Engineer: 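The structure's right below; bear with me while I get my questions together.
It should be emphasised that the depicted structure is a prediction, and the values quoted were computed from it without experimental measurement. Whatever order the structure lists them in is the order used to number ligands and atoms, beginning at 1. We use all heavy atoms of the structure for the numbers below, so side chains are in, but hydrogens, waters and symmetry mates are not.
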Amino acid sequence: MDALLEGLDPEQRAAVEAPRGPVCVLAGAGTGKTRTITHRIAYLCQRGHVAPSQVLAVTFTKRAAGEMRTRLRSLDVHGAQAVTFHAAASRQLRYFWPRVIGGPRWELVDQKIRVVARAASRLGMPTESDALRDLTSEIEWAKASLLTPEDYPAAAARAARDIPAPAEQIMKLYTTYEQLKTEAQLLDFDDLLLYTAGALEDNAEVAQEFRDRYRCFVVDEYQDVTPLQQRVLDSWLGARDDLTVVGDANQTIYSFAGASPQPLLNFGRRFPEAVVVRLERDYRSTPQVVELANDVIKWARGRPAGSRLQLIGQRPDGPKPRFHEFDDEPSEADAVAGRVKTLLDEGVAASEIAILYRVNAQSEVYEQALAGLGIPYLVRGGERFFERAEVRQAMITLRSSGAPDGSLPEVVRSALHRVGLTDEPPTGGSARERWESLLAIVELAEEFAAATPDADLPRFCVELDMRAEAQHPPTVEGVTLASLHASKGLEWDAVFLVGLVEGTMPIQYADGDEAKIEEERRLLYVGVTRAREHIWLSWALARAAGGRKYRRRSRFLYSLVPENHPAARVSGGAQRPPLMKKEKPTCRVCASTLVEAQAVKLGRCRSCPSDVDEELLESLRRWRAGRARELKVPAYVVFTDATLMAIAEQRPTDSAGLVAISGIGASKLDKFGDDVLGLVRAGVGYSAT
Ligand code: ATP
Ligand code: MG
């Protein structure tokens, strides 16, 4: 039994051995929080304090839940639930439905955006898909924050939400959306949580049965809990207090969706008798990575009390962090791929390497660079494995494959050739991703055949169904490409943080809003702390090869790049002061500091020579007038004159170039990016002839 305690330091052990009751582990990245809670579950079960089936451990993403399950299995705990909040609620609701609601179970909304679209068109609001996406996010935020439609306008104003339509209209849309959903007897994801909480709050018998069944609750990544999830958790607990939470306020990265670290930070106040443990030893990363992480977070403003932990690296020294500035993005990606190749040659496994970026669209150039060197990779954070079209299709094909001759892996491979598996990987993009998925199934078949003496196709199909049910995707051997958000809780030997330029990191729409900037800083902190040994940070001054170098490296880097480092020199000559209060934009023609708003948007002094493409500007103006009419908004809401001018001058040819223009953030990119790029491309073609 004490083997369980052996691999723990004294503080971790205190949390593991604490008697049943409230426990809070408040600690930085890599200090063993997830390890501590999985050991605590194992310990309580081994000592007979609780049965595994009475444990409910929840977290926020399926991947993190999968990670917990894997760790529990390796500690020989079987039968404890480790799932996401949604999975837990959905299961409970299904079980209690006949008693609390009755009648046929309501279906889950298949495509929420369609219901929002019907509601919008009923109210005469814009129904183009980009507008709908933004509106849907607002409804989701409101529900996650436990707001009724009537509460929405005031709450949105208080939270300084960047709202896509007048608040009163969103309020009406939210009301209509709920009506349509109820009429059609549909539930959305948030309803699963709301109804579950309601069932337990309002129905004593149901609550009693549930509370007899589950007695011990554990929450990982508790800093990202929303009020709605907290309410579900409270309904689970009732008057009990057998709750262990772990989290790191410095890793709060979902505030935009309504999450808040307050329940974590106030845990000791809510449960005065709680065992509160702080961990400072970082077991994941070398002292070099730890120092960088400490540097990233120490300048954070408005850090809540209780989050000022300094990590202390426990591992032997490793290589220094690498900082690299490149002329353009393809060069950046090529250099990253080259360095990945070197690491692979040195014996680092591909699955121990990750390339992390701020927005998913950044993956493409890295996919190309890796494919160019024949390095296997997989893109994370897209659709879940068993929900991908090619995987579903593959499973149907396998099920209907009869009983051909050959070993299981051979049979699977040849069946999957029919749905597009080739011997050689296709290069780039979604074809490559599909191919990786199919290959992953073949590898799964190999694994299964090795572990199961009488493995055959029918048994393998059952195994796949079980995995799909448990959402346990196969691990594919390859370099991971993922967004920073998707990397939370995970770790790799080598981590590349790429594309660290202003407008991308921090993201454009955070500019001017300190709270949002701080969330971006925490995101960078999450990224740095994923690395065990090798960490690389890079940025490129131009988007396209040979393009104009109008980009600036991320403001977060100024305090990090060592002074004597070549990359410490800022291109354009002007040395930036360290740790500026606010980043000062400079003119791309004469390099002087820009103050005036129009000049900032243009990226040059108004008196400096302009190389505007007049024809393009004219067609942009015509397009803007049309869109403004369609959307029933004033033209400047689409783009201001200064933004149009900046587009006509800089002629960005892709979305990264577009978002680099001040005034164009993710939502505008979503809404208008394709149109504008189309116009620019048409213009480029025109002037070339
Ligand atoms: P994050 O905040 O990123 O989720 P975490 O606090 O959950 O991090 P873990 O993932 O549990 O950290 O642990 C980080 C790494 O350190 C893991 O590889 C884990 O096995 C290892 N580790 C944790 N505690 C110890 C320990 N006492 N001795 C040796 N290794 C440890
Ligand atoms: Mg963790």
Engineer: Heavy-atom pairs closer than 4.0 Å: do any link ligand 1 to the side chain of Glu221, the backbone, both, or neither?
Structural biologist: side chain

Engineer: Does a side-chain N-to-carboxylate-O contact under 4.0 Å join Glu11 and Arg281?
Structural biologist: yes

Engineer: What's the shortest distance from atom 14 (C) of ligand 1 to any protein heavy atom, and which residue and atom give it?
Structural biologist: Glu491 OE1, 3.5 Å

Engineer: Decide, yes or no, whether a salt bridge links Arg521 with Glu518 under the criterion of side-chain N to carboxylate O below 4.0 Å.
Structural biologist: yes

Engineer: Between Glu221 and Lys33, is there a side-chain N and carboxylate O pair less than 4.0 Å apart?
Structural biologist: no

Engineer: Have a look at Gln223, Lys33, Arg530, Arg315 and point out the one with the heavy atom closest to atom 5 (P) of ligand 1.
Structural biologist: Lys33

Engineer: Judged by non-hydrogen atoms, does Arg71 sit under 4.0 Å from ligand 1?
Structural biologist: yes

Engineer: Could an N or O of ligand 1 be found under 3.5 Å from any N or O of Ala29, whether backbone or side chain?
Structural biologist: no

Engineer: Gly489 heavy atoms, cut-off 4.0 Å: which ligand 1 atoms fall inside?
Structural biologist: 4 (O)

Engineer: Going by atom types only, do Ser255 and Glu519 share a side-chain donor-acceptor pair under 3.5 Å?
Structural biologist: yes

Engineer: What I want to find out is whether Glu502 reaches Arg553 closely enough, with some N-O distance under 4.0 Å, to be called a salt bridge.
Structural biologist: no

Engineer: Give the atom numbers and elements of ligand 1 that come within less than 4.0 Å of a heavy atom of Gln251.
Structural biologist: 2 (O)

Engineer: Measuring from non-hydrogen atoms of Ala27 to any atom of ligand 1, is the shortest distance under 4.0 Å?
Structural biologist: no

Engineer: Looking only at the side chains, is there a donor atom on one of Gln229 and Thr226 sitting less than 3.5 Å from an acceptor on the other?
Structural biologist: yes

Engineer: For atom 12 (O) of ligand 1, what is the closest protein heavy atom, and at what distance to 0.1 Å?
Structural biologist: Gly32 N, 3.1 Å

Engineer: Go through the steps for Asp9 and Arg35 under the test salt bridge (charged side-chain N to carboxylate O under 4.0 Å, His left out), then give the verdict.
Structural biologist: CA-CA 11 Å; Asp9 67 28; Arg35 183 177 169 112; over 6 Å; no

Engineer: If you measure from each non-hydrogen atom of Asp9 to ligand 1, which part falls under 4.0 Å: side chain, backbone, both or neither?
Structural biologist: backbone

Engineer: What part of Arg13, side chain, backbone, both or neither, has a heavy atom within less than 4.0 angstrom of ligand 1?
Structural biologist: neither

Engineer: Is the ring pair Trp236/Phe210 parallel, tilted or perpendicular, if the boundaries are 30 and 60 degrees?
Structural biologist: parallel

Engineer: Could you check which of Lys488, Gln12, Glu11, Glu6 puts a non-hydrogen atom nearest to atom 27 (N) of ligand 1?
Structural biologist: Gln12

Engineer: Looking at ligand 1, would Thr31 count as a contact under a 4.0 Å heavy-atom criterion?
Structural biologist: yes

Engineer: For atom CD of Glu291, is the number of surrounding heavy atoms from other residues, nucleotides or ligands below 6.0 Å larger than 12?
Structural biologist: no

Engineer: Is there any N or O on Gly7 that sits under 3.5 Å from an N or O of ligand 1?
Structural biologist: yes

Engineer: With a 4.0 Å cut-off on heavy atoms, is Arg281 touching ligand 1?
Structural biologist: no

Engineer: Report the relative orientation of the aromatic rings in Phe256 and His485; use parallel for angles under 30°, tilted for 30 to 60°, perpendicular for over 60°.
Structural biologist: perpendicular

Engineer: Thr34 heavy atoms, cut-off 4.0 Å: which ligand 1 atoms fall inside?
Structural biologist: 5 (P), 7 (O), 11 (O)

Engineer: Considering only protein heavy atoms, which is closest to atom 11 (O) of ligand 1, and at what distance to one decimal place?
Structural biologist: Arg35 N, 2.8 Å

Engineer: A side-chain contact here means heavy atoms from C-beta on lying under 4.5 Å apart; do Thr504 and Tyr357 qualify?
Structural biologist: no

Engineer: At a 4.0 Å cut-off, with the gap strictly under it, does some heavy atom of Arg532 reach an atom of ligand 1?
Structural biologist: no

Engineer: Gly28 heavy atoms, cut-off 4.0 Å: which ligand 1 atoms fall inside?
Structural biologist: 6 (O)

